[in-house]
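Throughout, protein chains are lettered first and strands after them, A, B, ... in sequence-line order, and every chain is numbered starting at 1.
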Amino acid sequence: MPNFGKVLVTSAWPYINVIPHLGNLVGSVLSADVVARYYRLIGDEVLMVSGSDEHGTPIEVEAMKQGVTPKELTDRNHARVAELFRKWGASFDNYTRTESPVHRDFVQETLMKIYKNGYIFSKETQMLYCEHDQRFLPDRFVEGKCPYCGGERARGDQCDLCGRLLEPSFLLEPYCVICGNKPTVKTTKHWYIDLSRFANPLIQYLSENKQLPANAKNFSLNWIKEGLKPRAVTRDVDWGIPAPFPGAEGKTIYVWVEAVMGYVSATIEYCKRIGEPEKWKEFWFDKAAKTLYFVGKDNIPFHTIILPALLLASGEDYNLPWNVSATEFLQFKGEKASKSQRIGIWIDEALELFPADYWRFFLMATRPESKDSNFSWDVFLEKVNADLNDTLGNFIHRTLTFINSKFNGEIPQPKLTAEDEAVLQAVKEKVETAAQEFEEAKLQSAANTLISIGRIGNQYLNEKEPWKLVKTDREKAATVLYVTAQVVKAITLVSAPFMPATAEQLWQTLNLDGSVHEGRWKEALKPLEAGHKIARPKPLFQKIDADEKQLDEMLAAVREKKAKSA
RNA sequence: AGCGGGGUGGGGUAGCCAGGUGAACCCGCUGGGCUCAUAACCCAGAGAUCGGUUGUUCAAAUCAACUCCCCGCUACCA
């Protein structure tokens, strides 16, 4: 369990044209939060930052639909999303937004540095333009008939029906998705970063990075091998950060370029706020500091290529990503989440149904680490009812109630035998395994390890049968309950990153000082002293008594209520 | 189409990079035990030849080739 000292934990910035769904949350904010909480527990200095990505065409269009300004839309959505993340237990030190002045200034300054370093050039191109809306249209904002399969509503970049890649000019009967009129072609000028200049340093960085998981590493190296092309850093969009380059009036910065720079600006903003304006450099330049990024698989190149290239191009010796943990996707009952078709569960709805800790544990236990995973109520019920409630919750409850009813609520005095020591040793090994899994971002496995500690406790209780011993050999019974109390304590710590509220409740029930979240990991194996008084336990979890159909109905009811209040 | 990831008992996953101890774990199922505990817990058992084909090897879930299927990316969605 090495201590790194400084750890910057970040998650992909959610694009807040809509409220995120569970699939958006699992690999980014939630994974980041679990890992950040772990590092805080082992006593590292952790900064967890992210923010709302709020610029760009889709936000402008969504605002137009709602009849508000983009700023009004993102003010509202940012406030809602920030509040929802808080309710989910996300322990951000700074959850900011791309409209933050600190962010805007940082992006403009850094891009000017890159410009002055000679990595940015401008070039004229032809783009689709809608005369009616007076705006340039990204490829996806033009639809028409597919020239290959004849399917309706093929997008300018791809036909969803036949899967073929398209150019907007291929579309038959093209129309603007906003107003329906036929787009025209117009010449415009954009500024590009010449990524190819960084091919060699990127290859070296990626090859030497030991933490980077295979999916991210292979994908990224392949991208580079195929040849890095210049990437436009400007857009013809009003809603964004004004491009700082000479002659670029009216252009704004491409959202992905500014969003990844947000990791730095959010750190700066936080350090300013706490009155230590230079401190951010400890996270970004001190080579002992680690930066961890939690993203979905669709996001890999932005974090393994674009961000490192931007950091290198600034010429300032920034720390490049230490690890980019990329998850696959969470599907819903075998289908991709879709807002329009209401496939999926949104993060506000989930909390209306069950406590955040249930969802947090469930999502981490089914975290799509090697392949897409599939949400189903059956699996949700399995994780909550069998793992959390039956195995873990019931073990804790039977231990603590026994101590209360038979030992006056005091940790009994033990006389440990080799068998008892072996159980404590097994738990110690599980705690160490969990620590390693947190550090390797194998969170699904860490969730299983947590439950397996409960299993060890249950086995031990069943073998020893202290409910019999208490009548025949009180000292032996005392020893058994002493041991299981230590197992409960270990569970408290290991569960803390996953279920912060539940772990805290347990910490209080064990009548321990302060909060479990104050760097207590090393105390996981420090025994509760004989004679230590504990409180009367309350069940930590409740079994969900509903089948799939009823759960679907409950979700539908939540949606109906939400629709009415909106 | 190209590139990356994946396809493992009824369901959910690990193992594959560094080939070799009975293919591991959870749920479910069957049988048994226990009664401290939230009808929870514990033990035992049945069930997969690892998408398909071919090859390399003394030995393949693991390596190679081909093939089918799912997901992502392909640089102007974010």
Review point. Just checking A/Glu463: base, sugar-phosphate only, or nothing, at a heavy-atom cut-off of under 4.0 Å?
Key: nothing

Practice item. Map A/Lys471 and A/Gly454 onto RNA chain B by nearest heavy atom, then report which one ends up closer to the 5' terminus. Key: A/Lys471

Review point. What residues form a side-chain hydrogen bond (donor to acceptor under 3.5 Å, both in side chains) with A/Asn323, not counting sequence neighbours?
Key: none

Practice item. For A/Phe141 and for A/Pro539, find the nucleotide of RNA chain B with the closest heavy atom, then tell me which residue's nucleotide is more 5'. Key: A/Pro539

**Study point:** Cation-pi geometry met for A/Arg235 and A/Tyr254 (6.0 Å, 45°)
**Key:** yes

**Study point:** C1' spacing across the pair B/G47 / B/U8, given as an integer number of angstrom
**Key:** 14 Å

Point to revise | Sugar-phosphate only, base, or nothing, as touched by A/Phe136 at under 4.0 Å among non-hydrogen atoms | key: nothing

Review point. On the ring face of A/Phe329, is A/Lys297 found with NZ or CZ under 6.0 Å from the centre and within 45° of the axis?
Key: yes

Check your understanding: Near A/Gln66 CD, under 6.0 Å, is it more than 12 heavy atoms from other residues, nucleotides or ligands?
Key -> yes

Check your understanding: So what does A/Pro138 hit on the nucleic acid, given a heavy-atom distance under 4.0 Å: a base, only sugar-phosphate, or nothing?
Key -> base

Review point. Base, sugar-phosphate, or nothing: which does A/Leu228 touch, judged by heavy atoms less than 4.0 Å apart?
Key: base

Review point. A/Leu388 near the nucleic acid: base, sugar-phosphate alone, or nothing, with a heavy-atom cut-off under 4.0 Å?
Key: nothing

Point to revise | Separation of the C1' atoms in B/C36 and B/C25, to the nearest angstrom | key: 28 Å

Review point. If you look at every strand shown and take non-hydrogen atoms under 4.0 Å, does A/Lys468 touch a base, only sugar-phosphate, or nothing?
Key: sugar-phosphate

Exercise for review: Check the surroundings of atom CZ in A/Arg153: do more than 12 heavy atoms from other residues, nucleotides or ligands lie under 6.0 Å from it?
Suggested key: no

Review point. Near A/Lys217 NZ, under 6.0 Å, is it more than 12 heavy atoms from other residues, nucleotides or ligands?
Key: yes

Check your understanding: If you draw the axis of the six-membered ring of A/Phe361, does the NZ or CZ of A/Lys383 fall within 45° of it and under 6.0 Å from the ring centre?
Key -> no

Check your understanding: What does A/Glu382 touch in the nucleic acid at a heavy-atom separation under 4.0 angstrom: a base, only the sugar-phosphate, or nothing?
Key -> base

Practice item. Report which part of the nucleic acid A/Gly227 touches: base, sugar-phosphate, or nothing (heavy-atom distance under 4.0 Å, all strands). Key: base

Review point. How is A/Asn299 classified with respect to the nucleic acid when contacts are heavy atoms under 4.0 Å: base, sugar-phosphate, or nothing?
Key: nothing

Point to revise | Whole-Å C1' distance, B/A61 and B/G20 | key: 13 Å

Practice item. Check every strand shown and say whether A/Lys383 touches a base, only sugar-phosphate, or nothing at a heavy-atom separation below 4.0 Å. Key: nothing

Point to revise | P atoms of B/G7 and B/C17, separation to the nearest Å | key: 14 Å

Practice item. Determine the Euclidean distance between corresponding C1' atoms of B/A46 and B/G4; express it in Å to zero decimal places. Key: 40 Å

**Study point:** Distance between C1' atoms of B/U56 and B/G19 (Å, rounded)
**Key:** 11 Å

Review point. When we call it a touch if two heavy atoms are under 4.0 Å apart, what does A/Ser373 touch: a base, just sugar-phosphate, or nothing?
Key: sugar-phosphate

Point to revise | Nucleotide range of RNA chain B lying under 4.0 Å from chain A heavy atoms | key: B/A1 to B/A78

Point to revise | Touch class at under 4.0 angstrom, heavy-atom based, for A/Gln542 against every strand present | key: nothing

Review point. If you measure from the C1' atom in B/A60 to the same atom in B/U54, how many Å do you get, rounded?
Key: 13 Å

